[in-house]
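Scroll down for the structure; my scribbles are underneath it.
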Protein chains: 2
Amino acid sequence: MESTTETETKIIQAATEVFLEKGKDGARMQEIAQKADINKALLHYYFRSKDKLYETVFRERVFRFLDELFSSVPKTDDIETVLKEFTENYIDLISTHPELVRFILWEIRQGGQFMGDALKDIFEKHGFTKFPFLDKVQNAIQAGTIRSLDPLHLIISVIGVCVYPFIAQPLLEKAIPGIQISSANFLQKRKEEVFKLIWEGIQP
Amino acid sequence: MESTTETETKIIQAATEVFLEKGKDGARMQEIAQKADINKALLHYYFRSKDKLYETVFRERVFRFLDELFSSVPKTDDIETVLKEFTENYIDLISTHPELVRFILWEIRQGGQFMGDALKDIFEKHGFTKFPFLDKVQNAIQAGTIRSLDPLHLIISVIGVCVYPFIAQPLLEKAIPGIQISSANFLQKRKEEVFKLIWEGIQP
DNA sequence: GTCTATACATCGATAGAC
DNA sequence: GTCTATCGATGTATAGAC
């Protein structure tokens with residue numbers, strides 16, 4: 001339980017902003033210092049290096065995100081409810097943190113070491129041994145509630161249709177005039193269309 | 001029709017490698033020069049600056065990719081064939097250039113100026129005024145071949161389920177032991193599962 | 001066109017006063 | 001803890017000989 005000083009908080013806040021906007025390589029310690037209203041030397045006093053600072057920011061931010069994400073997996077076993085609520089919660093969650101999605105992608109691109117660690121931590125915290133969905137899908141198949149399919153591919157697809165619009169947001173908004181990924185209109189419609197597509201797609 | 005010298009080709013090749021691996025900010029002119037077996041000065045002789053070199057590499061590489069992508073939209077009007085062939089072609093295309101997908105994401109993150117331009121060029125070259133899919137989906141709905149739905153959301157979903165596994169590849173392979181996104185096994189299975197999910201999901 | 005040598009800026013990081 | 005000043009490394013870019 002280490003107490004976090006006020007300066008430390010200011011630094012983390014500023015660093016988060018800059019890293020999210022510019023990425024690890026593009027970020028400058030000078031800019032972070034300015035934004036935190038201190039000088040560069042203090043950055044190295046609190047965090048030993050740029051790498052350490054980045055790691056701290058990433059872990060803190062992404063852990064909170066993943067924690068929220070995995071908390072949004074419904075507890076019920078009714079597969080229809082599970083899918084409906086998860087897609088809705090997931091889209092809501094991502095639409096609140098669109099920059100974070102692209103931040104994570106950035107890290108993944110560079111090898112994703114920290115991301116792997118964060119995932120492992122979250123799995124442990126929630127006591128998962130595998131993707132929390134898998135069991136419920138498998139059960140539903142055996143019960144005949146949904147058709148026979150590969151649960152892993154279904155999960156990948158579900159995540160994909162939810163997250164892709166935000167990944168490609170700047171692109172979609174350029175390619176498709178009039179579209180506004182973050183608008184309440186689009187999000188509401190997206191939730192409906194996504195669930196309908198998935199649900200109809202897995203009927204027996 | 002400017003002719004490209006051998007040295008220029010070597011530079012572009014080396015620069016492509018480095019930019020794809022390290023990103024624009026992470027890339028070093030020194031490394032590019034070494035890989036091209038020349039010295040840094042020549043880089044600035046042929047391309048005025050790092051920015052220009054990056055832009056050249058990006059346009060050339062991404063344009064070819066998009067060109068291939070849009071060429072893979074089937075000509076037929078039979079919506080089942082269109083969807084089946086597009087998903088298969090698209091997954092094949094991406095699996096051949098997984099680094100490129102993440103390269104594009106990188107660019108998108110930073111604003112996606114070049115990406116917008118590339119898209120515009122491709123649209124013009126192919127004479128598109130909008131996403132080539134839209135008409136075919138709309139026609140199929142009116143003909144009653146598929147159920148009523150929002151064509152735009154369907155297209156986003158189709159692209160999403162195809163491309164997401166490659167975007168999240170390093171992550172998925174960490175979170176799901178034993179999975180190999182690039183393996184022939186996974187790709188074959190993915191094509192089948194994706195098409196089945198989509199097709200069943202849009203039946204009347 | 002291609003090289004060496006170097007200018008010039010900026011980066012991350014540290015030393016040392018307070 | 002916080003500052004100023006500065007180091008050493010490295011980056012992009014250019015000058016000038018060949």
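For clarity, every value in this text was computed on a predicted model and none was experimentally measured. Below, chains carry the letters A, B, ... as their sequence lines are ordered, and counting in each starts from 1.
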task = Return the value, rounded to whole Å, for the distance between atom CZ of B/Arg28 and atom C1' of C/dT10.
result = 11 Å

message = I'd like to know whether B/Arg59 forms a salt bridge (Lys or Arg N to Asp or Glu O under 4.0 Å) with B/Glu55, so could you lay out the CA-CA distance, the side-chain angles of the two residues, the decisive distance to 0.1 Å, and finally the verdict.
response = CA-CA 6 Å; B/Arg59 294 187 89 92; B/Glu55 187 180 341; 3.5 Å; yes

ask   = Atom NZ of A/Lys52 and atom C1' of C/dA13: how far apart are they, to the nearest Å?
value = 16 Å

message = Using 30° and 60° as the class boundaries, would you call the ring planes of B/Phe123 and B/Phe128 parallel, tilted or perpendicular?
response = perpendicular

task = Specify the residue among A/Asp25 and B/Thr7 whose closest nucleotide of DNA chain C lies further upstream toward the 5′ end.
result = B/Thr7

ask   = Parallel, tilted or perpendicular: which describes the rings of B/Phe133 and B/Phe86, with under 30° parallel and over 60° perpendicular?
value = perpendicular

ask   = Which part of the nucleic acid does B/Tyr45 contact within heavy-atom distance under 4.0 Å: base, sugar-phosphate only, or nothing?
value = base

query = So, is the end of the A/Lys24 side chain (NZ or CZ) under 6.0 Å from the ring centre of A/Tyr54 and within 45° of the ring's axis?
reply = yes

remark   = salt bridge (charged side-chain N to carboxylate O under 4.0 Å, His left out) filter on B/Asp150, not counting sequence neighbours, yields none

ask   = Quick one: A/Lys22 NZ to C/dC11 C1', roughly how many Å, whole number?
value = 14 Å

request  = Write down the distance between CE (B/Met29) and P (C/dT10), rounded to a whole number of angstrom.
outcome  = 17 Å

key: Geometric cation-pi criterion A/Lys84 and A/Phe195, 6.0 Å radius, 45° cone   = yes

request  = Go through DNA chain D in 5' to 3' direction and return only the first and the last nucleotide with some atom under 4.0 Å of chain A's heavy atoms.
outcome  = D/dG1 to D/dT4

ask   = Between A/His44 and C/dT14, does any side-chain N or O lie under 4.0 Å from OP1 or OP2?
value = no

request  = Take the protein atom CG of A/Leu43 and the nucleotide atom P of C/dA13, then report the distance between them rounded to whole Å.
outcome  = 10 Å

message = Output the rounded distance in Å from CD (A/Gln30) to C1' (C/dA9).
response = 14 Å

task = Could you tell me whether A/Ala33 contacts a base, only the sugar-phosphate backbone, or nothing, with contacts defined as non-hydrogen atoms closer than 4.0 Å?
result = nothing

